[in-house]
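Notes follow once the structure below has been shown.
What you see below is based on every heavy atom in this structure, not just the backbone, and it leaves out hydrogens, waters and symmetry mates.
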Amino acid sequence: MQGVDPAWLPDEVFRPIGTRRTLVRGSGPLVDTVHEEVTRACARFGGRVERDAAPGPYDLVLEVTGTDGSEAFTCERADGRTNVTATGPSGLLYGLFHVVRLGEDAFREDLPRQTHAPALALRMLDHWDNVAVHPVMGQVERGYAGGSLFWADGRARGDLDRVRAYARLLASCGINAVAVNNVNVHETEARLLTDRIGEVAALAEVFRAYGIRTHLSVTFAAPLVLGGMDTADPLDARVRAWWARATAEVYAAIPDFGGYVVKADSEGQPGPFAYGRTHADGANMLAEALRPYGGTVHWRAFVYDHRQDWRDRSTDRARAAYDHFVPLDGEFADNAVLQVKHGPMDFQVREPVSPLIGAMPGTRLAVEVQATQEYTGQQRHVCWLGPMWSEVLRFPVQEGLPVGELARGGLVAVSNAGDDPYWTGHPLAQANLYTFGRLAWRPDADPSQILDEWIRLTFGTAAAAGLRAILDGSWRTYEKYTAPLGVGFMVQPGHHYGPAVDGYEYSPWGTYHFADRDGIGVDRSAATGTGFAAQYAKPWAEVYESPDTCPDELLLFFHHVPYGHVLHSGRTVIQHIYDTHFEGVEEAEEARRVWAGLGDVVDAERHARVAELFEEQVRSAREWRDQVNSYFFRKSGVPDERGRRIC
Ligand code: GCW
């Protein structure tokens, strides 16, 4: 598409296929998509493609043998050609993109026979897109990539070419589900469920061609706000009948509709509490409506008191999801998925894994991460989240089982894409979208290999070393110059960009650091604190309980310690704060310098865009450094051991 960045699918990556002879065998819309992809590549590079012809002298045979829902494919080399076979059409699509990723290697005689299948059946992006521009949150809540890809001027975009290009990008990294509107469902968006379902159906049609099912965020109060009823009580037969009818109409419009996403009793959204019902009652009502059609309800576990008294030290937001949901284990329908944020707070740069994950063996659970960089630089800073997500997914939170295995309901990311020409605002933030898809396919994959893959596809080889240097450590760099040792927040209230150490300290949101002249951190131990640490299974409950065993990077999440407390690293907390903030800025400056040196190997426009963003990143990193260091110097009165300038 003209004017749109091809991201990790530039024409060039199709050359190895486009110069060869390919046979595509099988029928159905996804096979058509595969055929179109190869046809386009051949038109550009001079190769040939046949559809369903008899076996002949082909270099590549892409064949689907059945119509099942399997997403697996096998790739092998035999008799001088490469064969990709799948029993289901989506498997063939993923097989094609596998060959694209391999490039020339796909045609080597020593290509090993391999079968690939996704570890997680649901690999989903949630868009926090509003249909009507919201007076505070804009078109895309926490969006840093321009407007919405789906909605503009109060309705679905008429021209869906861009959505088609997006669907293609998503499929190529393995994503198979999308929720097209914000979980905060405002008045206009509520109607997507009923009289405006046609707009959702138009999007679903585009996504379908790339094996992606469409989901919708709905408001729990729909029977009130759309149905004119006087209650939304999930146990009321009339309410249930309303949802059954509404859902039947959704499926009439979108036969392969994925299901509903619900944020209930969370940050002001309506929910079952108003009727004295439980979250299982609420979720099961929707599950029942969706069941006849094979749909799923994604019920979010982000339920906490956002109007707490900051002077009340016994209330701990980190505890909330576990306290609310664990007692309901076993009560959720099997087509209800509890969608849990990966950490107990809210997408901070460093959090422990949520203790809820693995604590509900009788409940299907999906894990939610945030690709949109609300708290990680808002796509003005380079912050590749691959290592963070990988740490989360590999973390053995429950009886040695990693999060990636416990997330039986799937992996979900809040999307970072918008109508920005580079899709993600910061061109390098595309790496997060790509990495998410690949990790959802294989949660135990090595993120640095995924990064290399993204760099090679997107930029070729000339810029690879520089890009790797810039991206690989960028999450840790960001962590260094922002909130220290897992304590979180310290951001400007509302928009969450830039430093404000006490920005949320005297607020009702439950996000505090409790710094005083003697020390800092939140005591979440069972012995003397909020007891949050005891929500973990063994060994983590013990590990987190004591500052002696708690990992440094999470110390202030779990403990309130004096500034002179000595970390496992050998440094005091206060010296750690000073050192990391100086280091973080130096690393950001170094990344800027490396990028400047890539001017000859990256196209001029992209180079200029990133160079400009690096100016902002370095400015902002210095601001963080200076405010955080000064704040703690003034609180503690402890000078920097190395005598650097702190005011
Ligand atoms: O992180 C917070 C965001 C809200 C968001 C909420 C949520 C969609 O600041 O903007 O609302 O999380 O996850 O529901």
Side-chain angles (χ1 to χ4, degrees), residues 69 120-122 124 126 176-181 183 185 190 192-194 197 200 213-224 226-227 229 231-266 269-303 321 324-340 356 360-368 407-412:
L120 299 173
L122 183 112
M124 182 173 189
D126 281 6
N176 67 358
V178 159
V180 294
N181 65 309
V183 291
V185 183
L192 294 175
L193 173 66
T194 52
I197 192 68
V200 183
R213 284 173 89 178
T214 298
H215 300 240
L216 194 64
S217 297
V218 297
T219 169
F220 190 80
L224 296 168
L226 302 169
M229 300 181 67
T231 177
D233 181 349
L235 298 191
D236 186 311
R238 292 167 308 143
V239 171
R240 300 174 87 89
W242 187 89
W243 278 107
R245 267 195 318 276
T247 305
E249 288 187 21
V250 169
Y251 278 91
I254 311 170
D256 60 346
F257 179 67
Y260 300 136
V261 180
V262 188
K263 171 176 177 177
D265 291 317
S266 167
Q269 294 294 305
F273 285 163
Y275 308 97
R277 309 300 185 192
T278 70
H279 279 256
D281 293 332
N284 291 347
M285 167 185 66
L286 298 179
E288 183 184 277
L290 290 158
R291 176 170 297 111
Y293 315 97
T296 303
V297 56
H298 283 248
W299 191 268
R300 295 178 83 234
F302 189 51
V303 178
H324 279 295
F325 286 96
V326 169
L328 301 177
D329 188 31
E331 292 183 24
F332 286 91
D334 55 9
N335 64 327
V337 167
L338 189 63
Q339 190 163 309
V340 184
L356 188 54
M360 296 181 67
T363 308
R364 268 171 81 195
L365 205 131
V367 172
E368 184 180 299
R408 290 181 294 125
L411 194 65
V412 181

Heavy-atom pair with the smallest gap, counting every atom of [X] and [Y]:
| X | Y | value |
| --- | --- | --- |
| M229 | V239 | CE-N, 3.8 Å |
| G295 | N335 | O-ND2, 3.1 Å |
| A232 | A221 | CB-CA, 4.2 Å |
| A283 | V297 | O-CG1, 3.6 Å |
| G258 | R213 | CA-NE, 3.9 Å |
| A333 | N284 | N-OD1, 2.8 Å |

Carboxylate-amine/guanidinium proximity below 4.0 Å for R238 and D233 =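 The answer is no: the pair does not qualify as a salt bridge.
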Any side-chain heavy-atom pair of [X] and [Y] under 4.5 Å:
| X | Y | value |
| --- | --- | --- |
| L193 | L226 | yes |
| V180 | L216 | yes |
| I197 | E249 | no |

Verdict with reasoning, V326 to L356, per side-chain contact (heavy atoms from CB on, under 4.5 Å) = CA-CA 7 Å; V326 169; L356 188 54; 3.5 Å; yes
Among T278, V303, D265, which residue meets the side chain to side chain contact (heavy atoms under 4.5 Å, CB included) test with H324?
->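 Of the listed residues T278, V303, D265, the side chain to side chain contact (heavy atoms under 4.5 Å, CB included) partner of H324 is V303.
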Report the residue from W299, F220, W243 that forms a ring pair (Phe, Tyr, Trp, His ring centres under 6.0 Å) with Y260.
->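 Answer to the ring pair (Phe, Tyr, Trp, His ring centres under 6.0 Å) test with Y260 among W299, F220, W243: W243.
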What's the separation between atom [atom1] in [X] and atom [atom2] in [Y], rounded to the nearest 0.5 Å?
| X | Y | atom1 | atom2 | value |
| --- | --- | --- | --- | --- |
| T247 | R291 | OG1 | CZ | 12.5 Å |
| M124 | T296 | CE | OG1 | 9.0 Å |
| W242 | T194 | CH2 | OG1 | 6.0 Å |
| L122 | L411 | CG | CG | 9.0 Å |
| L290 | M285 | CG | CE | 10.0 Å |
| E331 | F325 | CD | CZ | 11.5 Å |

For the pair Y293 and Y251, name the ring-plane relationship: parallel under 30°, tilted 30 to 60°, perpendicular over 60°.
->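 Parallel, since the angle between the ring planes stays under 30°.
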Hey, what's the ring geometry for H298 with H215, parallel, tilted or perpendicular (30° and 60° as the breaks)?
->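 Rings of H298 and H215: perpendicular, over 60°.
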Examine distances only and state if a side-chain atom of [X] and a backbone atom of [Y] form a donor-acceptor pair shorter than 3.5 Å.
| X | Y | result |
| --- | --- | --- |
| R300 | L338 | no |
| R408 | T363 | yes |
| N176 | A121 | yes |
| D281 | L235 | no |
| S217 | N181 | yes |
| R364 | D334 | yes |
| T219 | V185 | no |

Please report the C-alpha distance between M360 and F332 in whole Å, then the side-chain angles of each, then the deciding distance to 0.1 Å, and finally whether the side-chain contact (heavy atoms from CB on, under 4.5 Å) criterion is met.
-> CA-CA 10 Å; M360 296 181 67; F332 286 91; 4.2 Å; yes
